[in-house]
Structures are given as C-alpha cells and as structure tokens.
Participant: 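Structure in structure tokens, see below.
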2 protein chains.
Amino acid sequence: MSERTKRKPGETRDKLMNAALTLVGKGRHFTSLGIREVTRQAGVVPTSFYRHFRNMDDIGLQLVDELGLVLRRMMREARANVLQADKLMEESVGIFISHAQANRSFFLFMAQGLAGESRAIQEGIRSEMRYFASELANDLRRLKLVDHLSDGDLEMTCDLVVRSVAFSLTDLLGVSAEDEYQVEQIRKRTTRFLQLIFVGAANWNNKRS
Amino acid sequence: MSERTKRKPGETRDKLMNAALTLVGKGRHFTSLGIREVTRQAGVVPTSFYRHFRNMDDIGLQLVDELGLVLRRMMREARANVLQADKLMEESVGIFISHAQANRSFFLFMAQGLAGESRAIQEGIRSEMRYFASELANDLRRLKLVDHLSDGDLEMTCDLVVRSVAFSLTDLLGVSAEDEYQVEQIRKRTTRFLQLIFVGAANWNNKRS
DNA sequence: ACACAATGTGCACAAGTGTACACATATCAG
DNA sequence: CTGATATGTGTACACTTGTGCACATTGTGT
C-alpha cells in the first residue's frame, strides 16, 4: 500500500552496475576498477557491494548479460528496418553506429572485455559475438542472398563481418560522438569493409576447387 | 677496463620493462598494474622506477616502441620467406602465428592496449598497425598482385587484413600454445579470412560502377 | 501483525599503494 | 685521480583498498 517505497528491490544493484558502466564510460578500464571506487560512484557504502556481487568479476559477468540484451535490441531494430537488399549494409552499419553511440559505455565495456584479464568475461563476450554472427547467418539465408555458400562458408563470412564491425567499434569509441566528420569516415570505411567481404563471398566458390 | 661491471647502464630499465611484460604474460592486464607490483617482479626497490619512467603510462609507451621492433622483425621474415604468390597467405599467417607465440607477452600487451585506458598508448598501437598495413600495401603492389586496385582501395584492403589478423590474435592468445588442435583451427580460419578478403579485392572493380 | 530474510550502514583493521627525501654507490669526462 | 652525474637503496607517510562484523532498516509471506 505504500505509495512510494524508499527502497526498491534491486535498486542498489542497478546503481552499482550503472556506476561501473559510468566509470568505464569516463575512460576508466573495467579491470582497473575497485569495489570502493564503484560503490563511491554509486553513492553507496562499500560493504553494500557484497549484498549483490561476490567480486568485480561477478559484476562484470552480469554486465555481459545486459550487454546481450542491448545486442538483441540492436538486431531486432536491424531486422525491422533493413528491407531492401541493396541498402542492406549501409543501413546495418548506420544502426550499429547509432546503437554504439547510444550505449557507449556498454560497447566500451565490450571492447575492453575482449582482451580483459577475466577469462570468464572474455568468454562471455566472445559467446555473445558468436551468437550474433549465427543470427546474422540465419537472416542472410532467409533473405536468399547467399544461396551459393555452404553453411560453413556462410558462417565464416558472418564471423568475419562481426569481427570487422567489432573492430570498427574501437575506432568509433575513440572519437567523440560530436565529431561528425570522423564518425562519417568510420561509417564509410566500415561499410566498404563489409562490401568487400560480401564481394568476396559472392565470388568464393569460383575460386575454390 | 672492468671486465664485468656490476651495474650495466639501462639494466634496471630493461628489468622493469621485462617485469611489466612478464606480468602481462601471466594474465594480468597492463592497466591494472601498479608501480610497486612491477618493481617487485623486477626484484628492484620501488623508488628505482622513477629513475627511468615518470609513471605507468610512460613505461607503456616505451613498450609500444619495442613492440614496433618486434613487428618489423616479423615483416622482415615474411618478406624473406614468402616467395611464391600462391602460398602467400598460408605462409604469412604461419609466420604471424609463430611470432605471436614467441612474443606472447608483447602481443598480449598489444591486444590489451587497443582498448586500454591510456589514449596515448592506444594511439601508439594504432599507429603501429597503420604502418604495418601500409607496408603490406607496398609489398603487394611491388609483387604486382593487385594492379587493378586503386591506391585507396588497396589501402582499405590491407587495413581490413591487418584488423582481421589482429582480431585472430585475441583468439590465439586465449588458447595455450601447446593446444595444437586449437592453434591449427585458428590458423585455418585466419587464412580463410584473408583468402575471402582477397577474393573480394580481386573482384572489387567489377562490382563498383 | 509478526517473524524472517533481504538489504543497507558504520566501524575497524591489516595490507598495499604512490611518491618524497636523504643517502649510497657506480660510471664517466676531464 | 677527481669531481660530477646517473643510478640504486632505505625509510617514511599519508591514502586507499578489500573485507569482516555487528547492527539498523525494509519488504514479504503467512
């Protein structure tokens, strides 16, 4: 009946995760964050941390899960907006860039985690990327754009696409979102990368065997 | 005239840089290393650090320079060994993998630095990669393998190649060098990535306009 | 309404950290 | 050889860190 409860369940938990993300967004590296630092940023007493997480690795893993949600949202939007095949890559790259900017901290966290020091987090992020690549392969097959490729080759192509885009991420996160010129450069280059890859995929079978 | 001096110039400096590298090799992330930790590993008193470096970023930058040397050595070996064009990619990937394993710590440091928290180190590594890509472009042009590509397109292709290989690095560094099966998988996949890219490059002009 | 579990707080402490300062020793130029 | 300079060492201090413990507050199922 209490109209407004002073303490919602999981409130501090969210505050802590947001705090960690905020610090990452400010340029700190996740691996170098400490428990006290995070709780301070969250405006919470240090010991509260242990009510929700065992250690920093733990909070990292939970951030990976949330990262998964962000990626799914992005995929959903891409599927909804990319209708005609000819603009496929420009559109996709555009959607990717706008999501990366809207969730800057999340993507920073992702880029860091790929070479982070926690094997578990690393594996988590890698797994998200694999999932993303396989969904991409499904979509492409459904659109009948790549009938000439074997399943294995299609998977490889999508893997390379996802990697290339992920690498562009580090370019993108290195420039401020306001620097429109630089962002535009990155957009163009990433798009061309993808086009190059798909030209390769289109002519793949001719070469092999 | 002293046959053996007890203290060689720059000896501690090297010990410190090796110590930092060793710690990175052991799985620690460079950004999370502290001055005391490094000096301890080097078997040196903490204050000695300041005789050679201003702070951790400084030592990181000097490591980037040494990384440059490692990369040059690798390029030289590649140029010497890759003679016939048909085996070009297998050979190159092989050389890359063996160098990456021989200098594991250096390449770990490189992979970490790409998303590290020091803008300067990040920029340094990025610059090494650009240099590498442009040298690759020179070599390819010299071998007359890519006459149909404009300078810009060739540069882009090489950029994508370098990025893909760099990303494979994170795969490679994630498995132990003794796990031959996994290493072989990575070798195959990376080679196929490069082949795909070059098939794309070979058919690039047909597509564009 | 009540007891219990979940969550938040304050305090404490040992350990580790960056770095300043004064001093010792080695190397080198003249 | 002699001083100057570069390099290494020991001590010290103010802070920060992770985390254990006892206690306060809140939310929930019955």
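Throughout, protein chains are lettered first and strands after them, A, B, ... in sequence-line order, and every chain is numbered starting at 1. Remember, it's a predicted structure, so these values are computed and weren't measured experimentally.
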Participant: Starting at NZ of Lys15(A) and ending at C1' of dT7(C), how long is that distance when rounded to a whole Å?
Facilitator: 12 Å
Participant: Heavy atoms within less than 4.0 Å of DNA chain C: which residues of residues 22-30 of chain B have one? Give them sorted by number.
Facilitator: none
Participant: Given dG10(C), is OP1 or OP2 found less than 4.0 Å from the side-chain N or O atoms of Thr47(A)?
Facilitator: no
Participant: Between Ser48(A) (side chain only) and Val44(A) (backbone N and O only), is there a donor and an acceptor less than 3.5 Å apart?
Facilitator: no
Participant: When rounded to the nearest 0.5 angstrom, what distance separates CG in Leu173(B) from CG in Leu108(B)?
Facilitator: 4.5 Å
Participant: CD1 of Ile59(B) versus P of dG18(C): gap in Å, rounded?
Facilitator: 12 Å
Participant: Rounded to whole Å, how long is the line connecting atom CZ of Arg51(A) with atom P of dA6(C)?
Facilitator: 10 Å
Participant: How long is the line joining CD1 of Ile35(A) and C1' of dG18(D), in whole Å?
Facilitator: 6 Å
Participant: Measure CD/Glu37(A) against P/dT17(D) and give the value in whole Å, please.
Facilitator: 7 Å
Participant: In chain order, what residues pass the salt bridge (charged side-chain N to carboxylate O under 4.0 Å, His left out) check against Glu123(A), with sequence neighbours excluded?
Facilitator: Arg130(A)
Participant: The criterion is salt bridge (charged side-chain N to carboxylate O under 4.0 Å, His left out); which residues satisfy it with Glu184(B), sequence neighbours excluded?
Facilitator: Arg187(B)
Participant: Would you mind telling me which residue lines up with the more 5' stretch of DNA chain D, Val45(B) or Gly34(A), judged by nearest nucleotide?
Facilitator: Val45(B)
Participant: Between His52(A) and dA6(C), is there a contact of a side-chain N or O with OP1 or OP2 at under 4.0 Å?
Facilitator: no
Participant: So that I can tick it off, tell me whether Arg119(A) and Asp57(A) are bridged by a salt bridge, with the cut-off set at under 4.0 angstrom between side-chain N and carboxylate O.
Facilitator: no
Participant: Distance from Ile95(B) atom CD1 to Arg76(B) atom CZ, nearest 0.5 Å?
Facilitator: 12.5 Å
Participant: Please state whether the phosphate of dT19(D), meaning OP1 or OP2, lies under 4.0 angstrom from any side-chain nitrogen or oxygen of Tyr50(A).
Facilitator: yes
Participant: Nearest whole Å is fine: how far is dT7(D) C1' from Glu11(B) CD?
Facilitator: 11 Å
Participant: Hey, does Phe49(A) reach any base, or is it just sugar-phosphate, or nothing, if we go heavy atoms under 4.0 Å?
Facilitator: nothing
Participant: Starting at atom CG of Asp14(A), determine the distance to atom P of dG8(C), rounded to an integer number of angstrom.
Facilitator: 11 Å
Participant: Inspect the contact between Glu128(B) and Arg72(B) and indicate whether a charged nitrogen and a carboxylate oxygen are less than 4.0 angstrom apart.
Facilitator: yes
Participant: Parallel, tilted or perpendicular: which one describes the rings of Phe30(B) and Phe109(B), with boundaries at 30° and 60°?
Facilitator: perpendicular
Participant: Toward the 5' end of DNA chain D, which comes first, Arg36(A) or Gly43(B), by nearest nucleotide?
Facilitator: Gly43(B)
Participant: Let me test you: for the helix from dA1(C)-dT30(D) to dG30(C)-dC1(D), what is the angle between the axes at its two ends (five pairs each), rounded to 10 degrees?
Facilitator: 30°
Participant: Among residues at least two apart in sequence or on other chains, which ones pass side chain to side chain contact (heavy atoms under 4.5 Å, CB included) with Glu135(B)?
Facilitator: Met75(B), Arg79(B), Tyr131(B), Asn138(B)
Participant: Can you find a side chain N or O atom of Arg40(A) that sits less than 4.0 Å from OP1 or OP2 on dT17(D)?
Facilitator: yes
Participant: I'd like to know if Arg54(B) reaches the base of dT19(C) with its side chain such that a donor and an acceptor end up less than 3.5 angstrom apart.
Facilitator: no
Participant: With sequence neighbours excluded, tell me which residues meet ring-ring contact (aromatic ring centres under 6.0 Å, His included) with His99(B).
Facilitator: none
